[in-house]
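The structure appears below as structure tokens.
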2 protein chains.
Amino acid sequence: MTTPEVQFVPGLAGVVAAKSSISDIDGQKGILKYRGYAIQELAEKSTFEESAYLIMNGELPTKQQLGKFDSDLKRNRNVDPRLLDIIKAFPKSGHPMSALQAAVAAMGMLYPRKIDDDATNDAAGLRLIAQTATIIAAFDRLRKGKEVVPPRDDLSHAANFLYMINGEVPSETAAMVFDVCLVLHIEHSQNASTFTAMVTGSTTADPYSTMASAIGSLSGPLHGGANERVLAMLNEIGSPDKAKAAIECKIEKKELIMGMGHREYKTMDPRATILKGLNETVFQKLGRSPLFDIALEAEKVVIDRLGARGIWPNVDFYSGIVYDKLGIEVDLFTPVFAIPRMAGWVAHWREQIADNRIFRPSQIFVGSGDRKYTPIEKRG
Amino acid sequence: MTTPEVQFVPGLAGVVAAKSSISDIDGQKGILKYRGYAIQELAEKSTFEESAYLIMNGELPTKQQLGKFDSDLKRNRNVDPRLLDIIKAFPKSGHPMSALQAAVAAMGMLYPRKIDDDATNDAAGLRLIAQTATIIAAFDRLRKGKEVVPPRDDLSHAANFLYMINGEVPSETAAMVFDVCLVLHIEHSQNASTFTAMVTGSTTADPYSTMASAIGSLSGPLHGGANERVLAMLNEIGSPDKAKAAIECKIEKKELIMGMGHREYKTMDPRATILKGLNETVFQKLGRSPLFDIALEAEKVVIDRLGARGIWPNVDFYSGIVYDKLGIEVDLFTPVFAIPRMAGWVAHWREQIADNRIFRPSQIFVGSGDRKYTPIEKRG
């Protein structure tokens with residue numbers, strides 16, 4: 001009988017790390033559901049606030065529950081002045097993803113580090129979700145030598161973020177489109193950053209340390225960092241007529257094509273389909289992005305050449321083009337991913353600690369057998 | 001046939017997450033080896049610098065290699081003035097473990113974030129190992145309203161840390177004892193923080209983000225945070241004659257006894273044995289700690305009552321008493337764990353990215369089946 005002890009599966013692909021009731025993916029059919037609701041329906045009919053509530057609580061909120069959740073989030077948007085001082089000390093040239101990780105870790109110095117009661121954990125979850133957006137916007141303003149724009153409590157989470165980075169209330173289209181982006185990025189089962197939140201959370205670390213760890217994983221180019229790289233790739237290709245040759249060249253060289261392929265999906269990532277449609281919506285109002293036409297060409301080549309092998313566009317492929325059109329800086333794309341994903345991380349962290357066992361996997365040792373220490377004079 | 005897909009093992013206990021040549025544990029016999037060398041021999045004959053070199057490079061260094069490694073570490077001890085400014089902005093009441101996580105994350109804003117060449121990765125590894133000690137000491141001095149003590153390059157890593165926190169060159173005994181503590185804590189295979197470094201590292205995140213994630217996991221009370229809690233427990237017990245009843249009461253109530261039991265060891269953790277002996281060495285020079293006698297009594301009860309079930313003292317049980325005697329504050333115990341462990345994390349990170357696949361495990365979905373979205377007016 002094959003036992004897990006003797007099997008090594010790189011990246012733990014297919015290895016069960018949790019029982020979870022938060023989201024479900026059917027990668028063959030390209031289906032993603034949050035708590036049983038199809039992502040398409042939530043993208044169309046829900047808001048970030050409502051879907052975040054759903055992910056964290058398991059049910060869609062009543063009007064009253066949503067009102068309370070929304071006002072709790074708004075009340076938590078302002079960061080502690082001491083946190084703002086820390087952010088002010090960050091070097092302006094730093095990557096905002098490192099700034100976010102450092103700032104969230106620093107929150108652990110300001111709030112209770114215990115995790116043994118629901119009220120403290122509820123408060124921490126709200127604070128983390130609310131303030132991720134504020135931290136990112138504050139750092140972005142400061143590095144540009146501009147004044148920090150304090151959050152407004154008459155704006156949605158999506159509109160408020162765009163307001164805090166630009167200093168102007170966004171158009172209805174921009175706010176709506178960005179809200180859909182937030183909904184799409186809340187949750188995606190056992191991805192590397194969520195898994196990191198579970199592993200760190202399993203040590204009963206405080207929520208700030210735990211989420212700072214998750215942010216570290218999201219920053220990686222093979223994970224959340226990919227959306228930033230997609231835009232660099234599209235810009236490098238330069239024009240739609242050059243896309244075919246450029247992508248084919250990458251395929252020949254077996255280079256990674258950013259935004260293409262996903263461990264879970266063997267067909268089009270449903271979020272990519274929605275984002276592709278969203279781009280059309282944005283363009284009707286704000287003008288077409290030339291990058292979108294490059295992306296469409298690149299997609300054709302990839303599906304044609306690699307689709308049969310299960311390589312299709314993923315969520316990162318079309319998100320950057322939307323963000324770019326909304327006036328979000330390229331190096332903010334990955335931090336922006338963290339804004340909604342924080343709700344998913346918090347949900348998994350709570351699920352983990354509710355029935356906890358510390359993660360400590362095993363290894364196959366492939367190194368030296370017994371060796372005797374030799375004094376340094378006798379080495380060489 | 002049982003396949004890993006359908007098995008769920010909480011905490012991934014016994015599930016292979018890596019092939020590794022760094023360290024090896026025989027938990028039945030209580031054996032720990034770094035690269036084939038027994039921990040007892042390294043504790044007795046080696047130094048932190050030599051053992052860290054061994055862990056990272058696979059071989060004990062020649063005299064020349066050790067000299068270079070040692071001077072490289074010394075050269076890297078000073079933190080960037082901008083990092084010091086960030087640390088100065090941290091609230092004095094913050095936990096130093098959160099300070100360390102935030103500061104290491106902030107290093108990602110100061111140094112190259114790429115991980116695609118060995119020279120950059122070597123430099124990052126040295127910098128992280130050297131500066132972890134400096135960051136902790138700087139924060140500790142600042143929170144006490146004292147001047148930061150710059151590192152000295154005529155002291156060993158162990159002696160220099162004690163010098164930076166106390167402002168005085170430590171006695172030979174203190175430096176030697178602390179050096180042994182560092183050797184013992186360098187590496188321990190797939191523990192939660194090392195596993196976190198591997199998971200975050202597998203996203204090809206930069207080394208600073210990666211190590212900040214690992215620090216998040218080490219901070220947890222079920223992991224590195226345990227040593228701090230052991231001391232609290234011993235202090236709470238108060239005197240050796242009360243130890244038996246106090247521990248028996250905890251056993252009755254099925255409470256966790258901090259510093260006791262380990263997933264890997266079913267007998268005495270060899271590091272605990274060495275630390276127990278080290279305490280005797282310290283006491284001969286610096287006077288006996290009453291906490292040690294409480295610990296000895298507590299150990300007797302635990303081994304007597306739970307030893308047959310595999311619950312024995314682990315590394316955390318005796319380390320805190322040594323640190324306390326060396327004048328290290330209780331809330332620095334876990335940060336102090338990170339000083340040597342950084343070398344282990346760096347070794348596993350390099351091993352991971354040398355043959356990388358991103359970690360993305362699977363899950364068993366136990367939530368709702370298909371649900372249709374109901375407009376908010378119709379909920380309740």
Side-chain angles (χ1 to χ4, degrees), chain A residues 4-5 8 10-12 14-21 24 36-37 41 45 62-63 82 85-86 89 91 94 98 101-102 105-106 108-109 190 192 196 199-200 203-205 209 212-213 216-217 219-223 263 357-368 371 373 376 379-380, chain B residues 4-5 8 10-12 14-21 24 36-37 41 45 62-63 82 85-86 89 91 94 98 101-102 105-106 108-109 190 192 196 199-200 203-205 209 212-213 216-217 219-223 263 357-368 371 373 376 379-380:
Chain A
E5 278 78 11
F8 168 53
L12 294 175
V15 175
V16 173
K19 289 185 181 177
S20 179
S21 61
D24 193 23
Y37 295 96
E41 209 171 19
K45 299 175 186 166
T62 62
K63 211 165 209 167
R82 292 170 294 174
D85 285 341
I86 293 169
S98 295
Q101 188 187 29
M109 290 186 269
Q190 307 294 313
T196 303
V199 174
T200 299
T203 70
T204 63
S209 305
S213 293
S217 288
S219 77
L222 294 186
H223 186 16
R263 182 164 308 167
R357 187 159 193 215
I358 188 171
F359 279 93
R360 193 197 206 287
S362 191
Q363 66 176 19
I364 295 172
F365 182 68
V366 293
S368 292
R371 298 204 276 185
Y373 185 92
I376 196 160
R379 294 174 211 157
Chain B
E5 278 79 11
F8 168 51
L12 294 175
V15 175
V16 173
K19 289 185 181 178
S20 178
S21 61
D24 193 22
Y37 295 95
E41 208 171 21
K45 299 175 185 167
T62 62
K63 211 164 210 167
R82 292 170 294 173
D85 285 341
I86 294 168
S98 295
Q101 189 187 28
M109 290 186 269
Q190 307 293 313
T196 303
V199 173
T200 300
T203 70
T204 62
S209 305
S213 293
S217 288
S219 76
L222 294 186
H223 186 16
R263 181 162 310 164
R357 188 159 191 213
I358 188 171
F359 279 93
R360 194 198 205 287
S362 191
Q363 66 177 20
I364 295 171
F365 183 67
V366 293
S368 292
R371 298 203 276 185
Y373 186 91
I376 195 160
R379 294 174 209 157

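The figures that follow rest on heavy atoms only: side chains count, while hydrogens, waters and symmetry mates do not. Below, chains carry the letters A, B, ... as their sequence lines are ordered, and counting in each starts from 1.
- Highest contact tally toward chain A, considering only B/Pro361, B/Pro221, B/Ser21, is held by B/Pro361 [criterion: heavy-atom pairs under 4.5 Å].
- A donor-acceptor contact shorter than 3.5 Å links the side chain of B/Ser213 to the backbone of A/Ser213.
- The choice from A/Gly94, A/Gly220, A/Ser368 that makes the most heavy-atom pairs within less than 4.5 Å of chain B is A/Gly220.
- With hydrogens and angles disregarded, a donor-acceptor distance shorter than 3.5 Å links the side chain of A/Glu41 to the backbone of B/Tyr373.
- Per-residue heavy-atom pair counts under 4.5 Å with chain B were compared for A/Thr196, A/Ile358, A/Val199, A/Thr62, and the maximum is reached by A/Ile358.
- With chain B as the partner, the residue from A/Ala192, A/Gly36, A/Pro10 showing the most heavy-atom pairs under 4.5 Å is A/Gly36.
- We find the OG1-NE2 distance between A/Thr200 and B/His223 to be 9.0 Å, quoted to the nearest 0.5 Å.
- The CZ atom of B/Phe359 sits 9.0 Å away from atom CZ of A/Arg263, with the distance rounded to the nearest 0.5 Å.
- Of all non-hydrogen atoms in B/Gln363 and A/Asp24, the two that sit nearest each other are NE2-CA, 4.4 Å.
- Heavy-atom pairs under 4.5 Å with chain B peak, among A/Arg360, A/Met109, A/Gln190, A/Arg357, at A/Arg360.
- By number of non-hydrogen pairs under 4.5 angstrom with chain A, the leading residue of B/Ala18, B/Ser219, B/Ala205 is B/Ala18.
- Each of A/Ala106, A/Ala212, A/Pro91 has some count of heavy-atom pairs under 4.5 Å with chain B, and the biggest count is that of A/Pro91.
- A distance-only check finds a donor-acceptor pair linking the side chain of A/Gln101 to the backbone of B/Ser209 [under 3.5 Å].
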**Message:** Go through it in stages, so that I can follow the logic: the residues are A/Val15 and B/Val16, the test is side chain to side chain contact (heavy atoms under 4.5 Å, CB included), and I'd like the CA-CA distance, side-chain angles, deciding distance and then a yes or no.
**Reply:** CA-CA 10 Å; A/Val15 175; B/Val16 173; over 6 Å; no
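- Pairing each heavy atom of A/Ser98 with each of B/Ala105, the nearest pair is CB-O, 3.8 Å.
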